[in-house]
Amino acid sequence: MATIKTMNNISKKGLGLFGPFYQVSDSIENPDAILVRSAQVDTDNFDGLLAVARAGAGVNNITIDKASAKGICVFNTPGANANAVAELVMTVLGMAVRNADKAAAWVKGLDVNDPDLAKTVESGKKKFAGMELAGKTLGVVGLGKIGVLVANYARWKNMRVIAYEPYPNANNMHELSNKVEIADLDTVIANSDFLTVHVPFIKGVTENLLNRKNLAQFKGSYIMNFARGGIVEMDPVNEMLASGSLQGYLCDFPTAELIKNDKVTCFPHLGASTEEAEENCAVMAVEELKDYIEYGCVRNSVNFPALVDHPHAGIKSRVVVINQDVPNMISEITKVFGAEGINIASFSNKSNGKIGYNLVDVESKVDDSIVEKLSKLDKVIKVRVIHF
Ligand SMILES: NC(=O)c1ccc[n+]([C@@H]2O[C@H](COP(=O)([O-])OP(=O)(O)OC[C@H]3O[C@@H](n4cnc5c(N)ncnc54)[C@H](O)[C@@H]3O)[C@@H](O)[C@H]2O)c1
Ligand SMILES: O=C(O)[C@H](O)COP(=O)(O)O
């Protein structure tokens with residue numbers, strides 16, 4: 001029986017994939033794994049934790065470094081909620097440039113008993129005249145799963161799109177419209193009518209990626225942040241809004257100050273909250289956790305190297321060894337098996353510069369004492385045996 005602690009509401013479609021071998025509850029104290037959305041997870045608070053799956057993209061709510069130090073694998077679900085965010089970004093931008101929310105609110109406030117209602121409506125509409133997206137330039141910062149979709153949707157609306165991406169991923173680039181122009185960050189900022197940011201929040205790295213210095217070059221009308229609050233420095237944005245050089249700030253991360261500002265439209269961290277995205281994320285996260293717990297396979301981890309290698313039919317034990325990524329570990333690990341007279345049927349290893357990950361398959365039931373012997377090796381972080 002494996003235990004899974006849920007720390008947010010997770011779609012039933014995903015939870016339903018855990019079979020009878022799993023106990024799933026939000027009240028388990030020391031679970032084998034955690035399934036979470038945006039709740040804070042300090043992995044040091046859980047003894048014996050094997051893994052954390054983030055049903056979503058951003059993992060800044062999880063203590064990744066602490067997890068790595070203890071051999072805890074952290075997963076996310078790349079792309080599973082990207083369309084939800086991209087559609088919201090384009091919807092919100094479309095509403096902003098047409099003053100659609102303000103205009104609709106004005107109509108709702110009209111006196112329905114006004115005998116000249118139709119006239120009032122017609123004469124009032126000029127207050128809400130807007131502009132079109134077609135022909136304008138959208139700057140996209142970050143061409144990951146969401147940034148690529150936003151860029152493509154903007155192209156379909158006949159916008160010019162310029163984008164910045166320092167670490168282009170081949171799969172993402174293949175999805176990108178070939179009409180999207182790639183440029184450095186300053187060029188993107190300086191040439192955009194609207195700017196949208198889609199990078200992860202990484203303290204000291206993407207923190208204030210849009211800041212006083214580079215935003216000084218922005219001549220456009222709207223900045224959108226549906227990524228994370230800390231990515232955009234707020235003091236210059238507030239000053240630009242106050243001076244009128246910026247028409248609006250559209251974001252998914254409200255603060256007291258933002259809510260009070262009439263030129264800011266805030267949403268309640270709504271980007272991924274569609275039935276489809278919640279299901280996609282939960283299904284992917286549960287599949288990742290099950291494959292890890294049952295077979296030690298790693299896909300979509302943010303701190304472990306990918307290694308998907310299911311055991312063949314004759315395998316009775318799989319020993320999972322997690323070590324710091326230093327030279328000579330494979331030889332040290334295999335020596336322990338040799339000294340115990342255990343024949344290794346298959347050995348898979350992957351490393352990512354920080355973590356070395358090994359799956360050692362044996363055609364007999366190994367004694368759990370191998371765990372103790374392997375754990376004593378210098379630089380080994382965690383060992384477990386999966387019996388079949
Ligand atoms: N509002 C919401 O509900 C919501 C939903 C999903 C994701 N998000 C946020 O959006 C972010 C992006 O999501 P995604 O699915 O596109 O992730 P992703 O990993 O597919 O894309 C992120 C992109 O940012 C790039 N990047 C990394 N460091 C960078 C840097 N220093 N400068 C510029 N680009 C950098 C990466 O190379 C990658 O291409 C998430 O990390 C999360 O914080 C918010
Ligand atoms: O990073 C993400 O995936 C989003 O911020 C979504 O967060 P949520 O799952 O709490 O809605």
Side-chain angles (χ1 to χ4, degrees), residues 85-86 88-99 101-102 130-144 146-155 157-166 176 179-202 204-255 257-267 271:
V85 182
L88 185 62
V89 166
M90 295 313 293
T91 301
V92 167
L93 179 61
M95 284 178 68
V97 295
R98 298 301 299 270
N99 298 308
D101 49 343
K102 295 184 187 78
M131 59 178 154
E132 296 181 23
L133 294 177
K136 305 290 185 309
T137 300
L138 177 68
V140 180
V141 178
L143 283 172
I146 298 171
V148 164
L149 284 179
V150 169
N152 289 347
Y153 287 158
R155 279 295 308 143
K157 286 180 184 289
N158 288 323
M159 299 181 79
R160 177 187 174 214
V161 181
I162 50 176
Y164 166 64
E165 168 56 64
L176 186 68
K179 297 276 183 0
V180 172
E181 301 159 44
I182 305 294
D184 60 58
L185 183 58
D186 286 348
T187 306
V188 169
I189 293 173
N191 290 283
S192 298
D193 296 304
F194 319 113
L195 194 58
T196 185
V197 59
H198 300 290
V199 303
F201 176 80
I202 308 170
V205 180
T206 58
E207 188 177 13
N208 293 341
L209 184 67
L210 301 188
N211 51 52
R212 180 173 297 283
K213 190 156 175 268
N214 56 29
L215 286 175
Q217 306 164 64
F218 184 62
K219 303 287 176 282
S221 49
Y222 288 95
I223 295 175
M224 292 178 282
N225 180 1
F226 285 73
R228 282 295 179 269
I231 296 165
V232 180
E233 189 183 358
M234 284 319 299
D235 282 351
V237 170
N238 286 326
E239 289 163 26
M240 288 158 77
L241 289 169
S243 73
S245 74
L246 180 66
Q247 228 164 301
Y249 182 66
L250 315 171
C251 87
D252 215 2
F253 307 96
T255 62
E257 199 182 3
L258 288 174
I259 292 166
K260 281 188 281 174
N261 190 332
D262 287 344
K263 291 184 174 173
V264 176
T265 307
C266 286
F267 297 86

Trainee: Heavy-atom distance under 4.5 Å between the side chains of Leu185 and Leu209, does that happen here?
Mentor: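 Of all side-chain heavy-atom pairs linking Leu209 with Leu185, at least one is under 4.5 Å.
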
Trainee: Please answer whether the main-chain N or O of Gly271 pairs with a side-chain N or O of Asp252 as donor and acceptor at a distance below 3.5 Å.
Mentor: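 Yes, the answer is positive, given that a donor and an acceptor are paired below the 3.5 Å cut-off.
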
Trainee: Is there a side-chain contact between Tyr222 and Val97 in this structure, where contact means two heavy atoms from C-beta onward sitting under 4.5 Å apart?
Mentor: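 Yes, close enough: below the 4.5 Å cut-off.
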
Trainee: Are more than 12 heavy atoms, taken from residues, nucleotides or ligands other than Glu132, located less than 6.0 Å from that residue's CD atom?
Mentor: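 Not buried by this count: 12 neighbours or fewer within 6.0 Å.
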
Trainee: For a quick test of reading the model, state the closest non-hydrogen atom pair linking Lys179 to Arg155 and the distance between them.
Mentor: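 In this case the closest contact between Lys179 and Arg155 is CB-NE, 3.1 Å.
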
Trainee: Can you give me the closest heavy-atom contact between Leu250 and Ala96, atom names plus distance?
Mentor: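 Closest approach of Leu250 to Ala96: CD1-CB, 3.9 Å.
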
Trainee: With side chains defined as the heavy atoms from C-beta onward, is the minimum distance between Gln247 and Lys263 less than 4.5 Å?
Mentor: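 Of all side-chain heavy-atom pairs linking Lys263 with Gln247, none is under 4.5 Å.
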
Trainee: Is the closest side-chain heavy-atom distance between Ile162 and Val180 below 4.5 Å?
Mentor: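 The answer is no; the side chains never approach within 4.5 Å.
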
Trainee: Could you check Leu93 against Thr196 for side-chain contact (heavy atoms from CB on, under 4.5 Å), going step by step and ending with a plain yes or no?
Mentor: CA-CA 10 Å; Leu93 179 61; Thr196 185; over 6 Å; no

Trainee: Does Val188 reach the side chain of Leu195, with side-chain heavy atoms less than 4.5 Å apart?
Mentor: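 Side-chain contact under 4.5 Å: yes.
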
Trainee: Let me check something: any side-chain donor-acceptor pairs from residues 224-234 under 3.5 Å, sequence neighbours excluded? List them with distances.
Mentor:
unit_1	atom_1	unit_2	atom_2	d
Asn225	OD1	Ala227	N	2.9
Asn225	OD1	Arg228	N	3.3
Asn225	ND2	Arg228	O	2.8
Asn225	ND2	Tyr249	OH	3.4
Arg228	NE	Asn60	OD1	3.1
Glu233	OE1	Arg212	N	2.9

Trainee: Nearest heavy-atom pair of Ala151 and Leu143: which atoms, and what distance?
Mentor: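 In terms of heavy atoms, the two residues are closest at CB-CD2, 4.3 Å.
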
Trainee: With rounding to the nearest 0.5 Å, note down the distance linking CG in Asp193 to CG in Asn191.
Mentor: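 These two atoms lie 9.5 Å from each other.
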
Trainee: Donor-acceptor check, side chain of Thr206 to backbone of Pro200, threshold 3.5 angstrom: yes or no?
Mentor: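 It does hold such a pair.
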
Trainee: In Å and rounded to the nearest 0.5 Å, what is the OG1 to NZ distance from Thr255 to Lys260?
Mentor: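 The OG1 atom of Thr255 sits 8.5 Å away from the NZ atom of Lys260.
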
Trainee: Hey, could you give me the CZ/CZ distance between Phe253 and Phe201, rounded to the nearest 0.5 Å?
Mentor: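 So the gap between those two atoms works out to 11.0 Å.
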
Trainee: Can you tell if the side chain of Glu239 reaches within under 4.5 Å of the side chain of Ser245, non-hydrogen atoms only?
Mentor: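 No. Closest side-chain heavy atoms not under 4.5 Å.
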
Trainee: Can you give me the closest heavy-atom contact between Leu258 and Cys266, atom names plus distance?
Mentor: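 Scanning both residues, the minimum pair turns out to be CB-SG, 3.8 Å.
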
Trainee: Does a sphere of radius 6.0 Å around CG in Asp262 hold more than 12 heavy atoms from other residues, nucleotides or ligands, not counting ones at 6.0 Å or beyond?
Mentor: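 12 or below, so no.
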
Trainee: Is the number of heavy atoms from other residues, nucleotides or ligands under 6.0 Å of Arg98 CZ greater than 12?
Mentor: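 No.
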
Trainee: Is the closest side-chain heavy-atom distance between Met240 and Leu215 below 4.5 Å?
Mentor: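 In contact.
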
Trainee: Report yes or no: does Asp184 contribute a side-chain atom to a donor-acceptor pair with the main-chain N or O of Thr187 at less than 3.5 Å?
Mentor: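 Indeed, once roles are kept as given, a pair shorter than 3.5 Å links the two residues.
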
Trainee: What is the minimum heavy-atom distance between Ser192 and Leu138, and which atoms define it?
Mentor: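 Nearest pair, atom of Ser192 first, then Leu138: OG-C, 4.1 Å.
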
Trainee: Salt bridge check, Glu181 against Arg160: does any charged N sit closer than 4.0 Å to a carboxylate O?
Mentor: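 Salt bridge flag = yes for Glu181 with Arg160.
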
Trainee: Could you please spell out the steps behind the side-chain contact (heavy atoms from CB on, under 4.5 Å) verdict for Phe267 and Cys251?
Mentor: CA-CA 6 Å; Phe267 297 86; Cys251 87; over 6 Å; no

Trainee: Is a donor on one side and an acceptor on the other found under 3.5 Å between the side chain of Lys219 and the backbone of Ala216?
Mentor: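 Yes: the side chain of Lys219 pairs with the backbone of Ala216.
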
Trainee: Mind checking whether Asn261 and Ile259 have side chains closer than 4.5 Å, heavy atoms only?
Mentor: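 They are not in side-chain contact.
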
Trainee: Let's go through Val141 and His198 carefully: what are the C-alpha distance in whole Å and the side-chain angles of both, what is the deciding distance for side-chain contact (heavy atoms from CB on, under 4.5 Å) to 0.1 Å, and is it a yes or a no?
Mentor: CA-CA 6 Å; Val141 178; His198 300 290; over 6 Å; no

